[in-house]
Structures are given as C-alpha cells and as structure tokens.
Amino acid sequence: MRRGLERAVIGRRVDGVVVTGKRTVRRQSPDDFVTALSGRKLSEAGRHGKFLLVGLDDGATLVAHLRMSGQLLLTSPASPLPAHTHVRIGLDDGTELRFVDPRTFGELFVAAGHGPSGLPVELAALGVDPVRERLTPARLARLLAGRRTSLKAALLDQHLIAGIGNLYADEILHRARLRPDRAAGSLDADESRRLARSIRAVLERAVELRGSSLRDARYVDLAGELGDYQRRHAVYGRAGEPCRRCGTPVERARLAGRSAHFCPSCQR
DNA sequence: AGACAAGCCTGTACGC
DNA sequence: TGCGTACAGGCTTGTC
C-alpha cells in the first residue's frame with residue numbers, strides 16, 4: 001500500500017476533502033482534519049508497523065490505519081461510491097483517494113508534529129519495524145528476554161515489534177520452526193536467529209507479493225487488486241491440511257484470544 | 001441464528 | 001505498591 005501511494009499520489013495536491021463517516025476520523029474533529037489536509041501537497045509515503053504515513057508539505061503527516069477491513073482506493077471521482085465509503089480526498093490530477101471500511105475500526109488523522117524518533121508522537125509507543133530497520137537476533141533476544149508470554153503474543157505486541165498481525169505471526173513461527181505457545185523468553189541463540197530471519201523473510205516476501213487477500217477480499221491495493229501472498233501461506237487457514245514441510249496435518253488452537261495455526265511436528 | 005474473524009484499547013485479576 | 005502479564009469484553013459487519 002505504501003508503495004502504491006508513493007507511485008500514485010506523491011507530488012499531488014489535495015483539493016477537496018469530504019468526511020462522511022462518523023468513526024473514521026476520531027482523534028480530531030472532522031473539520032480540523034479537513035482544514036489540516038486541504039491545499040496540502042503530498043510529499044512522501046512512509047509506514048511504521050501497520051500505520052501508513054503520508055507526509056504533507058507543511059511538516060504534518062496524514063496517518064492511516066486500515067485495521068481489519070479498511071481499504072484505500074484510488075479512483076475517478078465519477079466511479080460508483082462503494083458502500084461504507086467514509087472519507088474522500090480529491091487530488092489535483094482529477095483522481096480521488098477513498099477510505100472504505102465496513103467495520104469502521106480503521107482510522108485517519110493528521111498528526112501535526114514529530115517526536116524524537118521522527119515519527120508522529122501518536123505513534124511513539126510502537127516497537128521496531130523489522131522491514132524498515134534490521135532486527136538482529138541479539139536485539140530480538142533482548143526484546144523477548146524474561147517474558148513469560150507466548151511467542152505468539154509477543155509477536156503480536158505492537159509495542160515490541162510493529163507490523164505483525166495474526167496471519168503473519170503464524171507464518172513466521174512456522175518458518176522459524178517454533179511453536180506459538182513457547183514462552184517468549186525461552187529461546188536459545190539459534191532459535192532467536194531463526195526467528196529474526198523468519199520475521200524479515202516472511203514480511204519482505206509478503207510485501208513483494210502485495211499482501212494477503214483472504215476469502216472476504218477485504219485487503220486490496222490502491223487499484224483494488226488482490227494480493228498474492230495468501231497462496232504461499234504454509235499454515236494460516238490450513239487447519240487439517242498437510243504441513244508443507246513435513247506432511248503432518250496443521251493444527252489450529254486458541255492462544256492469547258486468537259486462532260493459532262501450526263505444525264505440531266516440525267514446530268517445537 | 002449465531003459463531004467467528006480481525007486489531008487494539010480498556011478494565012480487571014493475578015503472581016511476583 | 002507496583003509492575004508485567006493474562007484474559008475478557010467491546011467495537012463492527014460480512015461470511016459461513
């Protein structure tokens with residue numbers, strides 16, 4: 001999504017903003033949001049964890065989080081408006097950026113300042129983004145040291161590592177050959193190395209393949225196209241099917257309030 | 001009809 | 001007391 005924004009909207013100027021949804025813009029008033037965005041030039045496309053960051057020419061940042069069901073779509077303003085369109089941002093090349101979100105968990109806001117990390121202060125609590133920065137085995141081991149939580153819960157904790165959701169946590173742990181219910185603080189050096197490598201490998205490959213679109217087809221790119229990474233899933237959504245590594249049926253369990261998919265034979 | 005999926009915040013309970 | 005952690009509930013709607 002960030003790459004799509006970089007290609008399609010950077011350099012464009014905002015020339016009309018309409019907020020119709022009641023919940024999408026909730027950290028500030030819709031009027032303040034419209035004012036902060038109107039007339040601004042979009043100068044860069046960034047991301048930290050699951051947050052998209054579009055830099056504005058006055059130093060502010062348009063921040064977007066899609067949560068479960070959000071979509072950002074770039075279309076002609078004349079194309080039919082999908083149900084659950086909550087925000088429309090007109091651009092000076094005659095296109096329109098739309099935020100569509102049936103479950104309304106997603107959000108947009110304009111962040112005025114930057115913290116010491118260069119990120120908007122609203123995002124200061126997020127952990128390291130392992131695609132933007134190198135997450136070495138040693139650093140990962142430090143993050144996990146002493147934690148009694150499960151590995152799965154640790155990977156999902158955005159304050160430790162930013163950007164891993166339920167699906168990718170399962171894929172990462174399978175690749176690392178680690179059980180999701182292992183205690184996070186129990187890894188030896190080789191296991192930390194495998195986990196660090198798997199985090200990077202899975203996320204980078206998923207980005208290359210433009211993400212995972214599940215059966216509900218909620219995740220699509222700016223052009224509305226499906227991703228391709230779901231075809232590579234080794235465990236997620238494959239309960240009862242053979243493990244791609246060893247053939248043992250994939251198990252599905254409940255852990256940290258989430259579904260966890262794993263191979264009981266080759267993940268230890 | 002109703003469980004379920006997801007991300008993340010909040011509230012509460014617990015052990016050390 | 002206070003911290004880290006675990007767990008449940010809430011938000012929401014489309015899908016099974």
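Below, read A as the first sequence line, B as the second, and so on, with proteins coming before strands; counting in each chain starts at 1.
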Nearest heavy atom decides the nucleotide; on that basis, is A:Lys50 or A:Arg254 closer to the 5' end of DNA chain B? A:Arg254
Using modelled atom types and a 3.5 Å cut-off, is there a donor and acceptor pairing between side-chain atoms of A:Gln267 and backbone atoms of A:Pro264? no
Note: [X]-[Y] ion pair, threshold 4.0 Å (strictly below):
X: A:Arg3; Y: A:Glu6; result: no
X: A:Arg139; Y: A:Glu133; result: yes
X: A:Asp181; Y: A:Lys152; result: no

Tell me which residues in residues 166-176 of chain A lie within less than 4.0 Å of DNA chain C, going by non-hydrogen atoms. none
Side chains of [X] and [Y]: donor-acceptor distance under 3.5 Å anywhere?
X: A:Arg23; Y: A:Thr104; result: yes
X: A:Asp93; Y: A:Thr95; result: yes
X: A:Arg98; Y: A:Ser79; result: yes
X: A:His48; Y: A:Asp129; result: no

Measure the distance between the ring centre of A:Phe105 and the centre of the six-membered base ring of C:dC11, then answer whether it is under 5.5 Å with planes under 30°. yes
Indicate, with a heavy-atom threshold strictly under 4.0 Å, whether [X] touches base, sugar-phosphate, or nothing.
X: A:Phe51; value: nothing
X: A:Arg23; value: sugar-phosphate
X: A:Ser69; value: nothing

Is the distance from OP1 or OP2 of B:dG7 to the nearest side-chain N or O of A:His65 less than 4.0 Å? no
Just how far, in rounded Å, is [atom2] of [N] from [atom1] of [X]?
X: A:Arg258; N: C:dA6; atom1: CZ; atom2: C1'; value: 14 Å
X: A:Ile164; N: B:dC8; atom1: CD1; atom2: P; value: 12 Å
X: A:Asp181; N: C:dC7; atom1: CG; atom2: C1'; value: 17 Å
X: A:His261; N: B:dC4; atom1: NE2; atom2: P; value: 13 Å
X: A:Asp101; N: B:dC8; atom1: CG; atom2: C1'; value: 14 Å
X: A:Arg103; N: B:dC8; atom1: CZ; atom2: C1'; value: 14 Å

Heavy atom of residues 137-161 of chain A under 4.0 Å from DNA chain B: which residues? A:Gln158
P atoms of C:dT1 and B:dT10, separation to the nearest Å: 24 Å
For DNA chain C, the expected dot-bracket line (Watson-Crick or G-U under 3.5 Å, [ ] crossing, | inter-strand) is .||||||||||.||||
Could you say whether A:Arg67 or A:His84 is positioned toward the 5' end of DNA chain C, judged by the nucleotide with the nearest heavy atom to each? A:Arg67
Using a cut-off of 6.0 Å, state whether more than 12 heavy atoms not belonging to A:Arg27 lie near its atom CZ. yes
Applying side-chain contact (heavy atoms from CB on, under 4.5 Å) to A:Ile199 and A:Tyr168, what does each step give before you reach the verdict? CA-CA 8 Å; A:Ile199 288 170; A:Tyr168 292 115; over 6 Å; no
Could you walk me through whether A:His233 and A:Ser212 satisfy the side-chain hydrogen bond (donor to acceptor under 3.5 Å, both in side chains) test, starting with their C-alpha distance in whole Å, then the side-chain angles of each, then the deciding distance to 0.1 Å, before giving a yes or no? CA-CA 9 Å; A:His233 291 175; A:Ser212 297; 2.9 Å; yes
Identified side chain to side chain contact (heavy atoms under 4.5 Å, CB included) counterpart of A:Leu42 within the set A:Ile89, A:Asp57, A:Ile10: A:Ile10
